[in-house]
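Just so it is clear: chains get the letters A, B, ... in the order the sequence lines come, proteins before strands, and each one is counted from 1.
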2 protein chains.
Amino acid sequence: MTGRTKGHHMKAEELRLLRFLAHGGAERTPVDITSREVGEHLEVSQQAADRYLVQLSKQGLIARSLGARKQRLTLTPAGVEVLRKEFHAYRRVFEGPARLGFSGQVASGLGEGRYYLSQPGYIVQFQERLGYTPFPGTLNIRVDPKELLRIDGLRDWEGIRIDGFQASGRTFGGASCYGGRINGRPCHLIRPDRSHYQDVVELIASECLRESLGVHDGDTVSVEMEES
Amino acid sequence: MTGRTKGHHMKAEELRLLRFLAHGGAERTPVDITSREVGEHLEVSQQAADRYLVQLSKQGLIARSLGARKQRLTLTPAGVEVLRKEFHAYRRVFEGPARLGFSGQVASGLGEGRYYLSQPGYIVQFQERLGYTPFPGTLNIRVDPKELLRIDGLRDWEGIRIDGFQASGRTFGGASCYGGRINGRPCHLIRPDRSHYQDVVELIASECLRESLGVHDGDTVSVEMEES
DNA sequence: ATTACTAATCGCCGAGTAA
DNA sequence: TTTACTCGGCGATTAGTAA
């Protein structure tokens with residue numbers, strides 16, 4: 001369920017194996033196959049194929065149940081997500097940067113945004129990777145639940161990675177940022193790895209968006225995301 | 001121009017590099033970049049990045065011209081094809097098998113088909129990989145030149161590989177086969193690596209298609225290709 | 001049959017450095 | 001500055017084989 005947070009990239013064979021399983025329908029229906037057959041398809045030894053299967057399983061990308069005769073493989077949601085991201089990366093190449101527009105109502109958060117955005121561990125990363133230090137506070141937008149699935153397509157975008165860290169004895173989680181505009185003004189949508197909201201998206205910008213846009217709770221705003 | 005005939009697969013980093021270059025527009029416009037920058041993006045050393053560039057260049061997937069300051073990189077058509085094939089493989093996963101229909105007129109070939117299809121070097125491969133021994137003769141279909149670009153999309157499909165070989169002192173080239181139906185009857189479209197025709201596609205089947213379909217030169221036939 | 005461990009080999013990565 | 005060579009080290013692969 002949680003995205004591939006770690007930045008260590010997959011090796012080509014593991015990716016091809018994942019794709020092979022998806023091709024065989026392992027997203028929906030378990031696929032019965034031996035490590036030998038996997039090896040034949042990938043043109044590697046049975047031993048290597050088996051290691052790949054073990055690795056993918058460890059990474060939570062496939063689920064294995066070993067029978068005496070064959071093993072039964074299923075892609076996990078995380079495995080599917082890896083493939084969808086790859087797909088999207090290629091689509092980006094051939095079809096240009098994706099766009100995603102939606103609108104929603106300004107909402108009050110729980111004041112967490114301010115707390116998180118004040119953490120130096122985050123600030124240095126924002127400065128480094130977004131090119132600015134965000135105003136300490138997120139603008140929360142409540143969107144129509146029907147739109148959520150579409151907005152969730154952002155998961156496939158490359159995004160700008162903000163890594164989690166430890167500080168003062170607690171853990172701060174990672175997040176991904178996506179560039180866009182709200183009512184024409186540049187901002188980033190920030191999606192924490194472990195999101196707490198369902199129908200709320202959080203935006204950050206260098207200034208206080210509430211002020212610079214002159215909006216209040218309940219006001220409708222329109223957001224235009226564009227992939228870099 | 002010639003497709004990646006060799007079956008030795010690319011490593012993940014080379015593929016990512018190729019995609020990175022395409023992302024930077026190297027398909028159309030040369031990209032100026034140093035091996036250090038490439039390494040940073042791929043998160044490998046400058047030396048490794050350089051090796052990848054050399055490899056890709058050797059494989060004819062990119063063109064390099066070294067300046068004193070940066071190198072100028074362009075994707076070759078072969079490089080673009082590699083990426084397009086990857087793209088298509090993922091699309092196949094998420095959007096199901098592609099279909100491609102076209103129609104054309106039965107045409108006479110030069111009798112080469114019979115000669116090639118009689119070569120034992122090909123026959124064993126057909127039997128092994130297509131599951132039948134083709135009737136020794138291709139059915140040639142002349143198609144509307146306007147359709148050619150669309151039909152050329154077949155290049156992205158996975159296809160069934162027939163390898164080239166040497167026999168009696170000469171070289172026989174490789175080809176790719178794609179499954180489909182002509183007027184409802186199963187057949188394979190065969191696309192030699194070095195194609196001699198422009199607006200003609202060649203079909204093979206276990207029986208003589210001319211007979212079993214009861215068609216003659218000039219008759220219009222319709223072909224339905226479906227990806228496996 | 002399978003999966004998967006061990007041992008030996010292979011090949012790749014990156015540091016140092018030449019050009 | 002670049003690109004790109006050599007080489008030591010180590011991770012990955014395969015053959016053999018145990019379970």
Residues at least two apart in sequence or cross-chain that pass salt bridge (Lys or Arg N to Asp or Glu O under 4.0 Å) with B:Lys70, listed by chain then number, are B:Glu37
Contacts of type salt bridge (Lys or Arg N to Asp or Glu O under 4.0 Å), residue B:Arg99, not counting sequence neighbours: B:Glu226
What is the distance, to the nearest angstrom, from the [atom1] atom on [X] to the [atom2] atom on [N]?
X	N	atom1	atom2	answer
A:Glu40	D:dT14	CD	P	13 Å
B:Glu37	D:dT1	CD	P	13 Å
B:Asp32	D:dT3	CG	P	11 Å
B:Ile33	D:dT1	CD1	P	18 Å
B:Leu53	D:dC5	CG	C1'	16 Å
B:Arg36	D:dT3	CZ	P	10 Å
B:Arg72	D:dT2	CZ	P	16 Å

Could you tell me if [X] sits above the aromatic ring of [Y], with its cationic atom closer than 6.0 Å to the ring centre and no more than 45 degrees from the axis?
X	Y	value
A:Arg170	A:Phe172	yes
B:Arg92	B:Phe94	no
A:Arg19	B:Tyr90	yes

Reading nucleotides 4-15 of chain C from 5' to 3' and marking B where a protein heavy atom lies under 4.0 Å of the base, S where only the sugar-phosphate is that close, and - otherwise, the string is BB------SBBB
Can you confirm whether or not the ring centre of B:Tyr132 sits under 6.0 Å from the ring centre of B:His188? yes
Would you mind pulling out the nucleotide paired to C:dA1, Watson-Crick or G-U wobble, both distances under 3.5 Å? none
